[in-house]
Amino acid sequence: PLSSPPPPPTTTLNATRRQRQMCIRDRLNPTGIRLWQRKVDLIYQPTLPEIKLDDVEQYVAVSMRMRPELNEARLGLLRNDLQLVRTKNGLLPLMDLFITLGKSGYADSFGESVSDIDSDNYDALAGVRFQYPFWNRDAKAGHERALLSREQAEKALANLSQLVEVDVRTAYIEVTRAKQQIGASTVTRIFNEEKLRIETEKFRVGKSTSFLLAQAQRDVLVSRIAEVQALANYLIALVDLYQKDGSLLERRGIAAPGREPVKLSKK
């Protein structure tokens, strides 16, 4: 009949909404009694943040400077450089220049020599000591180990840099996909809202059925949920991108290591 009200959404969607409201109550865990009876309403509708994505190469450049794993590997290389310098010094000849100035007491007995300390007798000794082992196998082996260790650390750093770049580029692609998904879900929601409007008018004049109207209401609700989910996925993808390039803490106003890049010494 024309006076019949539109039917409510389907039972399945109502049950899903109630289950998710219960999950939100459980995670928020507000204080007070009657936790499960509290009403959960969405006050602010999720909106697309006004963020303009830069070129992916800029995010890669930031990751090369800010990722903590890379900075840790660079510090390891610097430590290997110090070890390399130390072992290289072990291969060089050793020359010491020394000068000794002292005072002695001369007498026939120990007691008289102590009392003779106040005399004008001074001792001066100067010399040069040179040391160069002919074989020096231990120092050579230590230096070779240091060279191999540094080469291994350099290759590990190069491999880690490549993995970081793959992470950043993958996250960038996901952000782009999530943003495109928002546009697609918005178009679907607008289409379903228009379909619901038409079905409501047709139902009002008796040219539609309650079943078709309920289907239209269900499609609108599903498309709205999909649009909100697409927005949430986009925000999650942005956070993941900022985490992968190492700038998440800086973007949240937290000082983090990496602002000053770790500079490696040139060989």
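Ser63 contributes atom OG, which lies 7.0 Å from atom CD of Glu165 (distance to the nearest 0.5 angstrom). Note: Met64 CE to Leu160 CG = 8.0 Å, rounded to the nearest 0.5 Å. In this structure, Ile198 CD1 and Leu213 CG are separated by 12.5 Å, a value rounded to the nearest 0.5 Å. The structure places OG of Ser185 at 12.0 Å from CD of Gln180, a figure rounded to the nearest 0.5 Å. In this structure, the separation between OH on Tyr242 and CZ on Arg252 is 7.5 Å, given to the nearest 0.5 Å. The line from NZ of Lys202 to NZ of Lys195 is 11.0 Å long, rounded to the nearest 0.5 Å.
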Could you walk me through whether Val175 and Tyr234 pass side-chain contact (heavy atoms from CB on, under 4.5 Å), step by step? CA-CA 6 Å; Val175 170; Tyr234 177 68; 3.7 Å; yes
Before giving the answer on side-chain contact (heavy atoms from CB on, under 4.5 Å), spell out for Leu235 and Val239 the whole-Å C-alpha distance, their side-chain angles and the decisive distance to 0.1 Å. CA-CA 6 Å; Leu235 295 176; Val239 172; 5.7 Å; no
Stepwise, does the side-chain contact (heavy atoms from CB on, under 4.5 Å) test hold for Gln229 with Asn233? CA-CA 6 Å; Gln229 186 65 51; Asn233 291 338; 3.0 Å; yes
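Side chain of Ser247 to backbone of Glu250: no donor-acceptor contact under 3.5 angstrom is found. Here the side chain of Asp240 pairs no donor or acceptor atom with the backbone of Ile236 at under 3.5 angstrom. Of the possible polar contacts, one joining the Asn192 side chain to the Thr188 backbone as a donor-acceptor pair under 3.5 Å is found.
Across all their heavy atoms, Tyr172 and Asp54 have their closest contact at OH-O, 2.8 Å. Nearest heavy atoms, Thr186 versus Glu227: OG1-OE2, 3.0 Å. Contact detail for Val128 and Phe98: the closest heavy-atom pair is N-CE2, 3.8 Å.
Using a 4.5 Å cut-off on side-chain heavy atoms (C-beta onward), Met66 and Asp245 make no contact. Using a 4.5 Å heavy-atom cutoff, the side chains of Arg67 and Asp167 are in contact.
The closest side-chain donor-acceptor pair between Gln215 and Asp219, if any, does not fall under 3.5 angstrom.
Residues Ile190 and Val228 do not share a hydrophobic cluster, clusters being chains of Ile/Leu/Val/Met/Phe/Trp/Tyr side chains in contact below 4.5 Å. Hydrophobic clustering (ILVMFWY, side-chain heavy atoms < 4.5 Å, transitive): Val56 and Ile173 are in distinct clusters.
Between Glu57 and Arg169, at least one side-chain nitrogen of the basic residue sits less than 4.0 Å from a carboxylate oxygen of the acidic one, meeting the salt-bridge criterion. For the pair Arg224 and Glu193, the salt-bridge criterion is met [side-chain N within less than 4.0 Å of a carboxylate O].
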